[in-house]
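Sequence lines set the chain letters: A, B, ... in the order given, protein chains first and strands last, and positions in each chain run from 1.
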Number of protein chains: 2
Amino acid sequence: MSAGEFNSWQTVQAEVLRRINSREWRPGEFIPNEAELAVEFGCARATVNRALRALAESGLLDRRRKAGTRVALNPVRKATLAIPVIRYEIEGKGQSYRHTVLSKQRAAPPAGIRARMRTEPGVKLMHLVTLHLADGKPYVFGDRWINTEAVPGIETADLNAQSANEWLVANIPFEGGDFTFSAMTAGPREAEILACKEGEGLFVIERSTWNAAHVITTVRLTFAPGYRMHTEI
Amino acid sequence: MSAGEFNSWQTVQAEVLRRINSREWRPGEFIPNEAELAVEFGCARATVNRALRALAESGLLDRRRKAGTRVALNPVRKATLAIPVIRYEIEGKGQSYRHTVLSKQRAAPPAGIRARMRTEPGVKLMHLVTLHLADGKPYVFGDRWINTEAVPGIETADLNAQSANEWLVANIPFEGGDFTFSAMTAGPREAEILACKEGEGLFVIERSTWNAAHVITTVRLTFAPGYRMHTEI
DNA sequence: CAGATTAATATGTATATACTTATAGTTCAA
DNA sequence: TTGAACTATAAGTATATACATATTAATCTG
């Protein structure tokens with residue numbers, strides 16, 4: 001089985017993939033260690049390491065020091081989906097982009113938001129409701145809370161000129177975020193804002209972003225009917 | 001600025017991140033090349049390469065040969081979301097899992113499906129409708145088409161014992177897939193199958209998977225109200 | 001025999017060196 | 001002035017070597 005020459009990490013990766021797919025190496029099974037594979041493939045261990053590391057990152061292999069490398073039992077397929085800035089998404093489709101601020105005020109958030117923002121009771125946040133339009137038609141509206149303490153400069157920013165999301169992306173570095181995707185049924189408010197019928201199913205993204213010290217912002221994006229989010233693996 | 005010692009790729013990465021976040025290196029701007037950074041950080045070029053490559057993969061840097069490395073202008077944040085096998089997802093919540101096959105037949109698919117499956121007109125596929133239940137309550141139902149030509153053995157598989165998805169994951173290696181997430185409004189059929197009210201908003205995942213030669217399967221998963229898909233970055 | 005100690009081992013990482021490859025920029029020719 | 005040919009450059013990769021680190025397995029103790 002000393003198959004020819006696999007002297008680039010891509011060819012090594014391809015060969016390992018082939019063996020996994022052909023069940024030569026079965027799920028849960030340990031595969032030979034890096035040193036052995038390097039000899040068999042006629043390449044350096046670092047090359048094997050690169051190939052296996054990439055496969056482990058994509059979820060097909062499980063690796064542990066000393067224990068070794070095994071074919072993943074239940075390969076969790078990971079789709080990486082790009083989170084777009086709404087303006088780019090709309091303009092990318094060749095449509096015109098516009099947004100309007102429906103309301104902007106300082107207020108103490110309801111309990112649910114406060115929990116997500118991890119702020120003390122009574123602390124006021126900036127509450128912003130924005131509608132984004134594609135070719136003049138409602139596309140998505142965002143109900144956003146911003147921790148003004150974590151975001152110096154937001155108070156004086158002109159959020160009519162640049163949407164809060166864009167302003168934040170451009171000005172406030174963040175370290176992590178979480179995303180929830182779901183569906184909701186349009187009520188009177190959504191129907192009015194998005195110019196759709198009450199009772200329609202709407203796609204919803206909830207997103208929080210944070211840095212080391214604070215939760216920066218949490219936003220709920222409710223999309224007009226027909227929105228589709230797409231990704232490939 | 002010859003800042004101390006950055007002699008592991010993680011510390012190099014952290015320092016580069018710091019400079020990006022602090023705007024020392026601004027979006028769109030070229031950063032010094034690997035060799036220069038290696039000298040400045042007091043480490044090998046390979047170490048810098050590892051750090052920058054990781055940052056490029058996560059979308060914060062743009063790299064091109066000869067041109068160099070620049071800070072990404074619009075950092076596309078990528079969330080990697082794990083595509084779960086439904087049984088694991090349900091059992092992971094501590095609920096009991098059960099599934100039933102509502103219908104299974106060979107049929108020529110409608111045009112939309114045929115386009116996705118890339119089959120010739122008249123070719124019959126396996127059409128499978130399955131309901132998955134959590135603690136006995138409808139959780140999601142799947143409307144699936146399988147290219148039997150691409151999937152040897154599926155005809156004789158007992159899809160009552162093991163769901164089609166699980167059978168496929170365990171038996172048919174695939175190379176790529178695409179995913180679409182959207183919302184729909186429950187019609188009479190969805191309301192009946194999912195035991196929900198007509199007019200409720202439902203979360204929908206459409207997914208196709210393929211290997212080198214064929215589109216293997218395409219499935220539309222319609223979730224009962226309340227479903228939320230979550231991910232972090 | 002339970003629990004602590006030690007050894008063995010596979011992956012993880014760092015480094016110097018060398019070569020490859022894509023491509024931006026320049027030069028040259030039609 | 002366009003475009004083809006060339007060149008210089010920065011990232012990309014491969015390799016040998018060395019050492020670090022996590023973790024299993026074996027061994028030693030009480």
Side-chain angles (χ1 to χ4, degrees), chain A residues 2-17 19-20 24-73 75-76, chain B residues 2-17 19-20 24-73 75-76:
Chain A
S2 67
E5 284 295 287
F6 298 97
N7 41 9
S8 82
W9 73 267
Q10 286 98 333
T11 57
V12 170
Q13 190 187 44
E15 172 63 9
V16 170
L17 253 178
R19 293 189 187 183
I20 294 172
E24 201 168 315
W25 292 338
R26 324 204 60 169
E29 207 173 277
F30 279 100
I31 74 174
N33 69 39
E34 293 185 350
E36 288 165 10
L37 287 176
V39 171
E40 186 194 335
F41 291 152
C43 66
R45 184 168 78 87
T47 307
V48 175
N49 180 281
R50 181 93 154 79
L52 298 188
R53 189 155 39 82
L55 289 171
E57 267 164 26
S58 69
L60 271 97
L61 294 176
D62 286 331
R63 321 194 74 201
R64 288 232 315 286
R65 284 186 190 179
K66 159 75 183 179
T69 301
R70 58 170 70 195
V71 180
L73 252 179
V76 179
Chain B
S2 67
E5 286 294 287
F6 299 98
N7 42 9
S8 82
W9 73 267
Q10 286 99 334
T11 57
V12 170
Q13 190 187 45
E15 172 63 9
V16 170
L17 253 178
R19 293 188 188 184
I20 294 172
E24 202 167 316
W25 292 338
R26 322 203 62 169
E29 207 173 276
F30 279 101
I31 75 174
N33 68 38
E34 292 186 350
E36 289 165 9
L37 287 176
V39 171
E40 186 193 334
F41 291 152
C43 66
R45 184 167 79 86
T47 306
V48 175
N49 180 281
R50 181 91 154 81
L52 298 188
R53 188 156 39 81
L55 288 171
E57 268 164 27
S58 68
L60 271 97
L61 295 176
D62 286 331
R63 320 193 75 199
R64 289 233 312 286
R65 285 185 190 180
K66 158 77 181 175
T69 300
R70 57 169 71 194
V71 180
L73 250 180
V76 179

Distance check needed: [N] [atom2] versus [X] [atom1], whole Å only.
| X | N | atom1 | atom2 | result |
| --- | --- | --- | --- | --- |
| B:Leu37 | D:dA10 | CG | P | 12 Å |
| A:Asp62 | D:dA22 | CG | P | 19 Å |
| A:Arg70 | D:dT24 | CZ | C1' | 13 Å |
| B:Arg64 | C:dT21 | CZ | P | 19 Å |
| B:Arg63 | C:dT21 | CZ | C1' | 14 Å |
| A:Asn7 | C:dT20 | CG | C1' | 13 Å |
| B:Phe41 | C:dA14 | CZ | C1' | 16 Å |
| B:Asn33 | C:dT23 | CG | P | 18 Å |

- Task: Answer yes when B:Arg19 and B:Glu40 have at least one side-chain N-carboxylate O distance shorter than 4.0 Å, and no when they do not.
- Result: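 The answer is yes: the pair qualifies as a salt bridge.
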- Lys/Arg N to Asp/Glu carboxylate O, B:Arg53 vs B:Glu34, below 4.0 Å: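 Between B:Glu34 and B:Arg53 there is no salt bridge, as every charged N stays at least 4.0 Å from the carboxylate O atoms.
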- Task: Return yes if the base of D:dT21 and the side-chain atoms of A:Arg65 contain a donor-acceptor N/O pair under 3.5 Å, otherwise no.
- Result: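 Checked by distance alone, the answer is yes.
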- Task: Could you check which of C:dA14, C:dA16, C:dT9 has an atom nearest any side-chain atom of A:Lys66?
- Result: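 Nearest listed nucleotide: C:dT9.
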- B:Gln10 side-chain N/O to C:dT13 phosphate OP1/OP2 under 4.0 Å: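 It does, given that an N or O in the side chain of B:Gln10 lies less than 4.0 Å from OP1 or OP2 of C:dT13.
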- Message: Just N and O in the side chain of A:Asn49: are any of them under 4.0 Å from OP1 or OP2 of C:dG12?
- Response: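 Yes, A:Asn49 has a side-chain N/O under 4.0 Å of OP1/OP2 on C:dG12.
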- Task: With the side chain counted from C-beta on, respond yes when B:Thr69 and B:Asn33 share a heavy-atom pair under 4.5 Å apart, and no when they do not.
- Result: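 Counting from C-beta outward, B:Thr69 and B:Asn33 never come under 4.5 Å.
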- Could you check if a side-chain atom of B:Ile20 sits within less than 4.5 angstrom of a side-chain atom of B:Ile31, using non-hydrogen atoms only?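 No; the side chains remain at least 4.5 Å from each other.
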Base, sugar-phosphate, or nothing: which does [X] touch, judged by heavy atoms less than 4.0 Å apart?
| X | answer |
| --- | --- |
| A:Arg45 | base |
| A:Glu36 | nothing |
| B:Arg50 | sugar-phosphate |

- Task: Measure the CG-CD distance between B:Leu60 and B:Gln13 for me, rounded to the nearest 0.5 Å.
- Result: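 If I round to the nearest 0.5 Å, the distance is 9.0 Å.
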- Task: Specify the residue among B:Thr69 and A:Thr47 whose closest nucleotide of DNA chain D lies further upstream toward the 5′ end.
- Result: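 Taking each residue's closest nucleotide, the earlier one in sequence belongs to B:Thr69.
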- Item | Position toward the 5' end of DNA chain D (nearest nucleotide), A:Ala46 or B:Leu52 |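 In this pair, the answer is B:Leu52.
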